[in-house]
Amino acid sequence: MTTTVGKPSPAPAARAWRTGALSHPVLLVLLGAALVVSALMATGVGPVGVPAGEVAGILVHHLRGGGDTGAAADLIVWRIRFPRVLLGAVVGAGLALAGAVVQGVVRNPVADPYLLGLSHGASVGAVLVLTTGASVLGALTLPFAAFAGATAAIAVVLVMARHRGRLLPMRLILVGVAFGHLFAGVTSFMLARTDSSAAQQQIIFWMLGGLSGARWATLPVTASVVVGVGALLLVRARRLNALVLGEEAGAALGLNASRLRWYLLVLTTLLTGTVVAVSGGIGFVGLIVPHLARMLVGADHRRMLPVTALLGALFLLWADVAARMLIAPAELPIGILTAFLGVPFFLLVMRARGLATGENA
Amino acid sequence: MKRTVLVLAVVLPLTACGTANPSPTSVASGQITVKDCAGKDVTFDKVPERVVTLDGYAAQTLVRLGVADRVVGTGFPAPFGADSAPHAERLARIPVLAERVPVNEVVAAQQPDLVLTSFESFGGPPGSPKEADLVTMGAKGLTSCLKGSSEGPLTDLSPTYEYVRKLGAVFGVRDRAEQLVAELEGRAQAVAAKVTGDRPKVLVLQDNPVAGQPLRTSGAGTIAHALISMAGGQSVFSDVSSMHAEISPEEVVRRDPEVVWVITDYTFAKLKGQELVAAVRTNPLLAGTTAGRQSKVVSTSQYLVSFPSPLNLDGLEQLANALHAG
C-alpha cells in the first residue's frame with residue numbers, strides 16, 4: 001500500500017511516447033478534435049433513426065440561435081440527445097479529473113473519486129429522496145440531496161481521518177473505505193425496506209449511474225463546476241507533483257502537505273458531488289482514465305490533467321452511446337458499460353505499453 | 001338496471017369518501033383538471049389527441065372508453081394477450097413502440113400530448129421518461145394511484161375505478177367511464193354475493209420457492225391483495241406491503257396457508273404459466289402447509305391482477321371460482 005501513483009519524473013514508456021511522433025500540444029488538439037467529432041456522431045445515434053443530414057441541420061439551426069421547430073426530430077436531437085451527449089462528456093471529464101487528483105492526494109494507484117465515501121454518501125442522499133418521495137425542490141431535489149449526501153460524507157471522513165491537525169493518506173483511505181461500507185449498508189437497508197418497485201428500480205439504476213437526467217436547464221451548472229474546478233486543479237498541478245513525491249520531499253520544497261490535501265479534497269468533493277448528483281454513481285472512469293493519461297504523457301500533472309479530462313469525456317460519451325444502443329429501445333445502466341468497455345481497453349493499452357512491470361512503478 | 005342502481009347506491013357514498021384521490025373536477029368550459037397521485041392539478045385545455053401508453057394496461061382502459069383511436073403507440077403490449085374479443089382485436093391494431101417500457105426518445109418521437117402508465121410512477125424502468133422528460137416533450141402524464149403503505153391494506157379496486165374515471169374525465173367520456181365502472185363494480189358485487197362465511201387463508205406466490213431463499217409474495221398494498229379480500233379469502237401476509245415482498249419460508253409454514261395462489265408470467269419467474277403452477281404444486285417447501293397437503297394451488301396471470309386494469313375483474317372471478325370450488 002506504499003506504492004506511489006507514479007513519480008513526476010517521466011516514466012520510460014511515457015518518455016518513449018513523447019519521443020514519438022506526437023508532442024503534448026498535438027495530442028491535446030487531436031483529443032479535442034476527437035471529442036467534437038464524437039459528440040456529433042453520438043448525437044446522430046439513438047433508438048429513433050434520424051438521418052445524419054437532418055441531425056446536422058437541426059444542430060446548425062440551433063447553434064445559430066434558432067428556436068424549437070416543434071418537429072419530433074428537433075425535440076429528439078436538440079432537447080434529448082445533444083444535452084445528454086454533452087453531459088456525458090462533462091461528467092466523464094469531471095470523474096476522470098477527480099480520480100487523478102485523489103490518486104495523487106492519497107498516493108495510491110487504486111484510488112478513485114469514490115474512495116473517500118463520496119458516492120456512497122451521495123447514494124444515501126438520493127435514496128432518501130427516492131424512497132420517501134420527497135420533492136421539496138421539485139426536479140432539483142434528487143441532485144441536491146445527492147450533493148448534500150456526498151458533502152456530508154466527506155466532511156465526516158475528513159474529520160475522522162484528521163490526526164493532530166494533519167491529513168495522512170493512509171488514514172484517509174482507511175476511514176474513507178470504512179465509511180463507504182457503512183453508507184453502502186444504509187443504502188441497501190433502505191432499498192430492502194422500500195415498498196415501491198418503481199423506487200427500487202430507480203435506486204438500482206441510480207447506483208449504477210446513467211445520463212438520462214440530462215437537460216439544458218441543469219447542464220450549465222455541472223459544466224461550469226467541471227471547467228472551473230479543472231482550471232483550479234491545473235493551477236495547483238505543480239504542487240500536486242510535489243505532493244506525490246511524499247511528505248518529506250514536499251516539505252523540502254516548502255510545501256504544507258496537509259493544507260494542500262485539504263484544498264484539493266475540497267475541490268474534488270465539489271467536482272464529484274456535482275457530477276454524481278446528476279449522473280448517479282458511475283464507476284471505473286475515475287480509476288482507469290488517469291492511468292491511461294499517465295501512460296500517454298507521463299505522471300506530470302501539468303500534462304496529464306488536461307489529457308485525463310479529454311480522455312474521460314471521450315470515454316463516457318461512447319460508453320453512453322453503448323448504454324443507449326446495445327438493447328435499444330431499452331437502456332442499460334452506464335456503469336455496466338464503463339466496466340465492459342474500460343477493462344479490456346485498459347488491459348490492452350497496459351500490455352501494449354509494457355506498463356506496471358515493476359521498473360516504472 | 002335495478003342491479004346497476006343498487007350498485008351505484010352502494011358505491012357512490014364510497015367514492016364520496018375517497019378524498020385522498022378526489023374525483024375529477026372541471027374548472028372552466030373546455031378545460032379539465034384532474035389530480036395526479038401526489039394531489040397536484042393536471043390541467044387539459046383540450047381532449048388529448050396523441051396518447052402514448054407506456055404499458056398495455058392503460059391502453060386496455062382506453063379501448064373500453066372508446067378512445068383507442070387516440071393511442072398512437074404503446075409499450076409493454078404483453079397484457080393484450082390476456083384480453084378477449086372485441087377488445088383484443090382493437091388492441092392489436094395499436095402500434096407497438098417497444099416490448100418493454102419504451103425509452104424517453106422513442107416516446108418523444110410520437111409527439112404525444114398525453115403519456116399514460118398504469119404503473120404507480122414515471123421513470124421506473126431505465127431510460128423511460130420521467131416527469132421532467134414529459135415536460136420537455138410538452139406532454140401531460142397520468143399514472144394510476146395505488147395506496148401508500150401507511151394507508152392500510154388495499155381491500156377494494158378503488159385504484160382501478162379511479163383511473164377509469166380520471167381518464168373518462170380527461171377524454172370527455174365521463175358517462176362511458178361511469179358505465180364501465182358500474183359494470184366492473186356489478187361484477188365485483190356478483191362475486192361478493194357468492195362469498196360464504198368461510199375465509200380461506202391465501203398465500204400469493206410470484207415464483208417457485210427455492211430452499212434457502214426468501215419467497216416472493218404480493219403485499220397488502222397491491223391489487224392482488226384486494227382481490228383476495230374481495231374473493232372471500234384472507235391474505236396470510238397482510239402485514240407486508242411491498243409489491244414483490246420477500247418473506248421467510250419458515251413464516252409461510254407458521255402461518256399455514258390453506259390455498260396457494262400462484263401469480264404467473266412475472267418476468268423474473270424462472271418458470272412460466274402452467275409449468276410454474278405444476279412446480280409449486282410439488283414443491284417440498286410447501287408440503288408441510290395445509291395448502292400443500294391438500295394440493296390446493298390456484299393460478300392467475302399477472303396481466304390480470306398486478307396493476308390497475310379492467311381485467312382485474314377477470315382475475316377476481318377466476319380467483320373466486322377457484323377458492324370456492326369444491
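Sequence lines set the chain letters: A, B, ... in the order given, protein chains first and strands last, and positions in each chain run from 1.
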How about B/R100 and A/I327: do any of their side-chain heavy atoms sit closer than 4.5 Å?
yes
Heavy-atom distance under 4.5 Å to chain A: side chain of B/P125, backbone, both or neither?
both
Within a 6.0 Å radius of atom CZ on A/F340, are there more than 12 heavy atoms belonging to other residues, nucleotides or ligands?
no
For the student: nearest non-hydrogen atoms of A/P329 and B/V103, plus distance:
O-CG1, 2.9 Å
Within a reach of under 6.0 Å around NZ of B/K40, are more than 12 heavy atoms found that belong to other residues, nucleotides or ligands?
no
Part of A/P333 lying under 4.5 Å from any heavy atom of chain B:
neither
Measuring heavy-atom distances to chain A, does B/E120 have an atom under 4.5 Å in its side chain, in its backbone, in both, or in neither?
side chain
Can any side-chain N or O of B/E105 pair as donor or acceptor with the backbone N or O of A/V48 at less than 3.5 Å?
yes
Toward chain B, the part of A/A328 with a non-hydrogen atom under 4.5 Å
neither
Under 4.5 Å from a heavy atom of chain B, the part of A/R324 involved:
side chain
Side chain to side chain, A/S212 and B/N104, heavy atoms closer than 4.5 Å:
no
Counting only heavy atoms not in A/M190 (residues, nucleotides, ligands), do more than 12 fall under 6.0 Å from its CE?
yes
Measuring only between side-chain heavy atoms, which start at C-beta, is A/E331 closer than 4.5 Å to B/S128?
no
Short question: side chain of B/Q111, backbone of A/G70 - any donor-acceptor pair under 3.5 Å?
yes
